[in-house]
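Please read the structure below before turning to the comments.
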There are 4 protein chains.
Amino acid sequence: MDVFARKGFFLSKVSEIAEKAGVADGTIYLYFKNKDDLLISIFEEKMREINASFRDGLAQEPDALSRFRRFIRMHLEGFQSYPELASVFLVELRQSSRFMRDYKKVELENYLDLIGELVEQGQCEGVFRSDISVGLVKRLIFGTLDEVVSTWVLAGKPYELVALTEPVLDLLLHGIQKENDAIHKKPPEADVT
Amino acid sequence: MDVFARKGFFLSKVSEIAEKAGVADGTIYLYFKNKDDLLISIFEEKMREINASFRDGLAQEPDALSRFRRFIRMHLEGFQSYPELASVFLVELRQSSRFMRDYKKVELENYLDLIGELVEQGQCEGVFRSDISVGLVKRLIFGTLDEVVSTWVLAGKPYELVALTEPVLDLLLHGIQKENDAIHKKPPEADVT
Amino acid sequence: MDVFARKGFFLSKVSEIAEKAGVADGTIYLYFKNKDDLLISIFEEKMREINASFRDGLAQEPDALSRFRRFIRMHLEGFQSYPELASVFLVELRQSSRFMRDYKKVELENYLDLIGELVEQGQCEGVFRSDISVGLVKRLIFGTLDEVVSTWVLAGKPYELVALTEPVLDLLLHGIQKENDAIHKKPPEADVT
Amino acid sequence: MDVFARKGFFLSKVSEIAEKAGVADGTIYLYFKNKDDLLISIFEEKMREINASFRDGLAQEPDALSRFRRFIRMHLEGFQSYPELASVFLVELRQSSRFMRDYKKVELENYLDLIGELVEQGQCEGVFRSDISVGLVKRLIFGTLDEVVSTWVLAGKPYELVALTEPVLDLLLHGIQKENDAIHKKPPEADVT
DNA sequence: CATGAATGAGCTTTCATTCAT
DNA sequence: TATGAATGAAAGCTCATTCAT
């Protein structure tokens, strides 16, 4: 995964992966069908671990809001401690959908489902709006996290990714618009003076 | 661009692109330095057109909020009418940052700057919150749109992408949390007076 | 010829030759059958000029020995004033014998014949040994001049090539051995003491 | 080397060399960096062998003159028994100086040095003239041998190359001028006493 | 006569995959 | 089970040559 992440799928050579793994080229083919299978397998295995640990972590939180906060922190923490995964997660697997027709992405979808569940639970508990599509919210959340991590990676990881937990949470929860009810109701005459 | 979008950069063969373009393989190299240059050039050219038309469109809107709505609609409209661009935009160019070290992404950055300007104008006009980082908001917006389009493409474009304009706008503006936060905050009765 | 000399036959591009000549690529093919023909034609033409001027020059000399000296000086002068020719002369045409089966090398052989004539005249006049094969002497002379020029070119032309006229002439005339008659006759007894 | 010799560097196809060698195209690249490296490597290896065997052979000779004779015979014998080497030696490597800038020609220069040493030893022993430049003599010898072999190869090897040993030696030692110069010089009667 | 854009055959080189050991 | 030398298909790119203008 280190190699795939550093070079991308097509620029990664099987021989290089074998060398990094300390085995012979041929040995790879005793455990994986081909290069595609290699990428998918190691990614899915990693994702399985991640999904398990995420479910454990989330189970410890009492309510939907704190689970949501925890989810964002874990996502950012995860990529911060294992940035190599980010590239694969963000780019390779996305592209793979085009050339690996038979890849089912089981664990990747489990991860996305996790977000869906969080949203639904939040709606049940009455802390999240019910007038919005869960699918759309998943994309809002996943897209934003994606982009936050991606920017961080491309910029050379110049700051603590996890420190963005609260700002990101705030944005996702409240949006970017100024509380416009307040605007209608409390005119800013005091400021004008 | 059709070929790149359908197969991805590495699986696209120059000979296939030439065939689709109705020219001989060698002719490609009269106009482009190499395969990298080919992808970058056609992408940048398209982006230049898009940026120009976006600036035109936005200039017609009176205020930041309507400009923001217009931007989202144009983004979704654009990808809906030219889905081939989406794949390149979303995947190839992102990956390219790894193997095309010298690609400056001028027009792609112009596009991102456009979002930044929208946000700053909104803050100036007092319709967008000022307590949030412009950079982070750019990622919220760009990431969400990215993911919305991406999901739509991968799902086989089964609906009108542009129909998501208002829901997306709503989410970005107000967030996902139920407006019960008003409860925690200063109640508006004082303002009513 | 400049281009051929600088890059060699295979690395010279027809388009580059056309550019240097100030004509379009296609124009070349109005005057030459193909690239091979181009090299041969311009070389033979140049050689024809050279052969003519050599015959003129040699005709002015009274005897075989001074003609021989003049020949060597003209050869070195020629390459000194037109080093580009040297590369073609030395390398390209030699190689060409392999890929241009039908090249007759008329003028190149005229040049070699010139040396042969000089040697035969010298033998007639009694200044050159008659117990040696003319063919072999041609190779002695041509090979030596070849190597002298070649070394000079490869070394970056750091000295006056024509200044080697007398040393070369001396070597060719007298060989490298010390006058060994003297050795047989005057024993070195004085040194032994 | 057979292929390079028969066709020249540029007309030799790697696939043809591989076929002749009984291996797949790709196998070539397990042992050589590229086509240039292939030519240089096999040439240098052969030259190393030749240099070693030449030094062995020369070590057996008692004096400079017999070493010189031996050298010429070995040179002619060598090319006679391995004519393929000749073409590479004479043409390809000479041209290579132009397109293989980084080729150091270690063994080729060792060979040339061998001639230089022979000349210097001859001068020490008093059998070779001391009033001539060693560099120039190297070119006389190397150029002549070059041309002798080259003519033989281009003529289709119609005679025993090694039979030219004595005539060539004679020419190199005594030059082409008739020994009438003895007349001009101090007559040997004084020495006879 | 001259042009030069277009051609496309053919090259070197790479690298996923195999299989005898 | 592990190896890694060998494979050979396939790709990017070049450039001599053509021919409509």
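Bear in mind the structure is a predicted one, so any value in this text is a computation, not a measurement. Side-chain atoms are counted along with the backbone in the values below, which use heavy atoms only and exclude waters and symmetry mates.
Residue Glu16(C) contributes atom CD, which lies 17 Å from atom P of dG4(E) at whole-angstrom precision. Note: CG (Leu39(B)) to P (dG12(F)) measures 13 Å, nearest angstrom. Per the geometry, CD1 belonging to Ile28(A) stands 16 Å off P belonging to dT1(F), to the nearest Å. Regarding Glu19(A), its CD atom lies at a distance of 14 Å from the P atom of dC15(E), rounded to whole Å. Rounded to whole Å, the distance from CG on Leu11(D) to P on dT12(E) is 10 Å.
Across every non-hydrogen atom of Lys13(B) and Phe10(B), the tightest pair is NZ-O, 3.1 Å. In terms of heavy-atom proximity, Lys35(B) sits nearest to Phe9(B) at NZ-O, 2.9 Å. Across all their heavy atoms, Val149(C) and Phe79(C) have their closest contact at CG2-CD1, 3.5 Å.
Applying the side-chain contact (heavy atoms from CB on, under 4.5 Å) rule to Asp25(D) yields the partners Ser15(D), Ala18(D); only residues at least two apart in sequence or on another chain are considered. For Glu45(C), the side-chain contact (heavy atoms from CB on, under 4.5 Å) test picks out Arg48(C), Glu49(C), with sequence neighbours left out. For Ser41(D), the side-chain hydrogen bond (donor to acceptor under 3.5 Å, both in side chains) partners are Asp37(D), not counting sequence neighbours. Legend: residues meeting side-chain contact (heavy atoms from CB on, under 4.5 Å) with Tyr111(D), ordered by chain and number and at least two apart, are Met47(D), Ile50(D), Asn51(D), Phe54(D), Phe71(D), His75(D), Phe89(D), Phe142(D).
Contacts of Tyr31(B) with the nucleic acid, taken as non-hydrogen atoms under 4.0 Å apart, involve only primed sugar atoms and P, OP1 or OP2.
With the end axes of the helix from dA2(E)-dT21(F) to dT21(E)-dA2(F) each set by five pairs, the angle from one to the other reads 10° at 10° resolution.
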(request) Between protein and nucleotides 16-21 of chain E, map the contacts as a letter string: B base, S sugar-phosphate only, - none, heavy atoms under 4.0 Å, written 5' to 3'. (result) SBB---
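For the atom pair Arg6(B) CZ and Lys20(B) NZ, the distance stands at 4.0 Å (nearest 0.5 Å).
Residue whose closest nucleotide on DNA chain F sits further toward the 5' end, between Leu30(D) and Val23(A): Val23(A).
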